[in-house]
Amino acid sequence: MSKVRTRFAPSPTGYMHIGNLRTALYEYLIAKSAGGDFVLRIEDTDQERYVEGALDVVFNTLKATGIKFDEGPGVGGDYGPYIQSERRDIYKKYALELVEKGHAYYCFCTKERLESLKSDSTELGTGFNYDRHCRDLSKEEIQKNLDAGIPYVIRQKMPVDGTTTFTDAVYGDITVENKTLDDQVLLKSDGLPTYNFANVVDDHLMKITHVVRGNEYLSSTPKYNNLYNAFGWEIPTYVHCAPIMKDAHNKLSKRNGDASFMDLIEKGYIPEAILNYIALLGWSPRGNEEFYTLPELEKAFDIDGISKSPAIFDIEKLKRMNAEYLRRMTPEEFYKVALPYIDKALGGADFSEDVKLRIAGLIQPRTELLTDIEDKISFFAKLPEYSTELYCHKKMKTDTVNSLTSLNIVLEALTNGNGANIDWTSASLYEFFCGLASENELKNSQILWPIRTALSGKDVSPGGATELAEILGKDESIKRIKVGIELLKA
RNA sequence: GGCUCCUUGGUCAAGAGGCUAAGACGCCGCCCUCUCACGGCGGAAACAGGGGUUCGAUUCCCCUAGGAGUCACCA
């Protein structure tokens, strides 16, 4: 059996959507799980759709996810060029070969004629198929038209009777009647091939063994097979994938304003989580494990696990997975990815590396998206204005009155009492505050909650009273407790 | 409309004739707890409908319904 080769063949539209990325991932995994090659090919045969900088989007996304291509633009390979617009002459040659063999023909029909055929067919409510007007032109007529410089396309000559059956690795055998097959255009009048043609020619020439693509191509696959057969080429294994949906009725798409890979990164998701999540959208592993690194996916992936029905993209599950990825990082890894967000949250405030490391430790289990960080920790740099309502907490049995009492007790103990020289760490502060509570016949929470509130100025904080105190340091903590006392007095 | 495909909890999904129909996200409850989160435990929640085949169908066949794709000199 020949070496497995797959290809990712995006057209450069400047937007790498999630569905595309998943297709690339599956192609990559199919190749790598079999020790094969993964090829990147750019399908830019439609010059009108070309977008400046689109290639970079493709490159950057693949790079960010770790999906490396073995051949393609920039890295080369034995089957280049890998950009279709640079392969123009190749297609023409093969198109002519097909004409020669009697499987394709010149068509001189004008756009106007085709338009009117089309409008007729919509009126009748039937589908549009080219009426094969030019299918049986004589050699002389063709030559005359060519000599006269009349623009032409080359069309594929479909069989008229019988059926065509093809096998898809996901959907199984699919049979269609040949009479439903259109004599599709292979070579456009601008000399460039259609996708339908370029795709087949390139996949063959590049020795692609597994064609992975969206199932919107399912219905045109019989035409491709007729093309392979006309050339006498080996038909690849087809792997058609159901789409990723935004909801029950709409695909995820740029048009709907849905997030691209890069959008998700900007929203604070990390590439590993995104990749892991989309691998599971439309594919299911053998066991119950859901977390896979790319190398693990290479081992676990199999075509049998690909599902036939569309999958709705669930941002909640992605979020959860992202959170889990962040938690599973070592503290050092987390610190590294979180640092830009931490620095942003802390503004210009002067915090040592050590303190930032400890802040990271506090937020690591509490962060779902990296973009959550700023809001969670900005109070470290600047105490927000807050309402004394925050001191009232039913479960903690606190209100503004006993909170004031508690804060005064704490302030006194910390400045003049036996807490004045306390070792300023979370553990010893915790012990000390609990001691204060029992001395004054208070619940721990009646001491700790007011402190936590005074230190953070927030209803929730990434850590309790003593954890916040340790990070803020003694001076700042006392300062904030005083602010709290003033607020409660007023 | 023709053709093709799809249909298990709200979502992702396992299942490949006999199971109390997995697991995960989300949701609810309890526990843990210096708030929140994390973690632990538990719960509610599904085979689109109807016919067959079979001793027995989520699983095989047919029909219906619903949904999707396609019917371009776009990919």
Side-chain angles (χ1 to χ4, degrees), chain A residues 9-11 13 43-46 48-49 107 109 111 114 118 121-122 124-130 151-155 168 171-172 174-177 179-182 184-190 192-196 198-199 213-222 240 242-243 245 247-249 251 277 280-290 305 307-321 323 327 362-368 376 390 393 395-396 426 429-430 433-434 437 444-445 447-449 451-453 456 458-468:
Chain A
S11 54
T13 61
E43 310 223 328
D44 60 344
T45 55
D46 183 7
E48 297 189 6
R49 279 229 255 168
C107 170
C109 291
K111 293 211 172 179
L114 295 175
K118 238 177 266 187
S121 68
T122 39
L124 290 168
T126 62
F128 169 73
N129 265 10
Y130 174 60
Y152 65 89
V153 301
I154 291 179
R155 284 181 184 274
D168 181 84
Y171 289 91
I174 294 175
T175 301
V176 299
E177 296 194 51
K179 66 180 178 201
T180 66
L181 269 24
D182 188 32
Q184 64 181 349
V185 171
L186 265 20
L187 208 66
K188 300 185 270 191
S189 55
D190 63 5
L192 283 168
T194 58
Y195 162 85
N196 299 315
N199 195 268
R213 49 157 78 122
N215 69 4
E216 67 267 26
Y217 294 101
L218 221 35
S219 55
S220 37
T221 299
H240 286 96
M245 312 290 285
D247 55 45
H249 303 290
K251 269 197 205 188
Y277 175 65
L280 261 26
L281 265 187
W283 172 77
S284 169
R286 299 271 178 202
N288 275 338
E289 182 56 48
E290 289 197 318
S307 65
K308 294 184 176 80
S309 39
I312 297 174
F313 186 87
D314 181 8
I315 196 78
E316 288 302 322
K317 177 128 186 181
L318 205 212
K319 202 181 278 184
R320 172 61 177 211
M321 197 160 243
R327 277 183 226 124
L362 245 30
I363 57 176
Q364 186 170 1
R366 292 173 236 256
T367 304
E368 285 192 306
K376 280 193 194 324
L390 291 185
H393 195 294
K395 200 174 154 207
M396 299 299 112
S426 180
L429 284 169
Y430 185 69
F433 291 148
C434 291
N444 289 347
S445 63
I447 288 288
L448 294 165
W449 177 260
I451 299 174
R452 194 208 63 77
T453 304
S456 66
K458 302 184 66 170
D459 57 345
V460 298
S461 54
T466 67
E467 292 164 306
L468 302 187

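Letters A, B, ... are given to chains in the order of the sequence lines, protein chains preceding strands, and every chain is numbered from 1.
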Side chain of A:Lys118 only, heavy atoms from C-beta on: which candidate in B:A72, B:C25, B:A75 is closest? B:A72
Closest to the A:Val185 side chain, choosing from B:A13, B:U35, B:C73: B:C73
Does A:Lys111 put a side-chain nitrogen or oxygen below 4.0 Å from OP1 or OP2 of B:A72? no
Can you find a side chain N or O atom of A:His249 that sits less than 4.0 Å from OP1 or OP2 on B:G67? no
Please determine, for the side chain of A:Pro310, which listed nucleotide (B:C6, B:C38, B:C12) has the closest atom? B:C6
Which one, B:C3, B:C74, B:A24, comes nearest to the side chain of A:Glu290? B:A24
Derivation of the side chain to side chain contact (heavy atoms under 4.5 Å, CB included) call for A:Arg452 and A:Met396: CA-CA 12 Å; A:Arg452 194 208 63 77; A:Met396 299 299 112; over 6 Å; no
Among the candidates B:G69, B:U35, B:C5, find the nucleotide nearest to the side-chain atoms of A:Ile174. B:C5
Which nucleotide in the set B:A75, B:G23, B:C25 lies at the smallest distance from any side-chain heavy atom of A:Lys188? B:A75
What contact category does A:Gly463 fall into here, base, sugar-phosphate, or nothing, at under 4.0 angstrom with non-hydrogen atoms? base
Kindly say if A:Thr180 contacts the phosphate of B:U4, meaning a side-chain N or O under 4.0 Å from OP1 or OP2. no
For A:Ser309, report the nucleic acid contact type (base, sugar-phosphate, nothing); a contact means any heavy atom under 4.0 Å. sugar-phosphate
Determine the interatomic distance between P on B:C36 and the same-named atom on B:C27; round to the nearest Å. 16 Å
Ignoring the backbone of A:Arg327, work out which of B:C38, B:U35, B:A13 is nearest its side chain. B:C38
Distance from A:Asp168 atom CG to A:Lys308 atom NZ, nearest 0.5 Å? 9.0 Å
Where the side chain of A:Tyr217 is concerned, which of B:G26, B:A75, B:A37 is the nearest nucleotide? B:A75
Donor-acceptor pair under 3.5 Å: do we get one between A:Ser189's side chain and the base of B:C73? yes
Counting heavy atoms from C-beta on, name the nucleotide in B:C38, B:A75, B:C3 closest to the side chain of A:Arg320. B:C38
What's the closest nucleotide to the side chain of A:Val153 if the choices are B:A13, B:G69, B:C73? B:C73
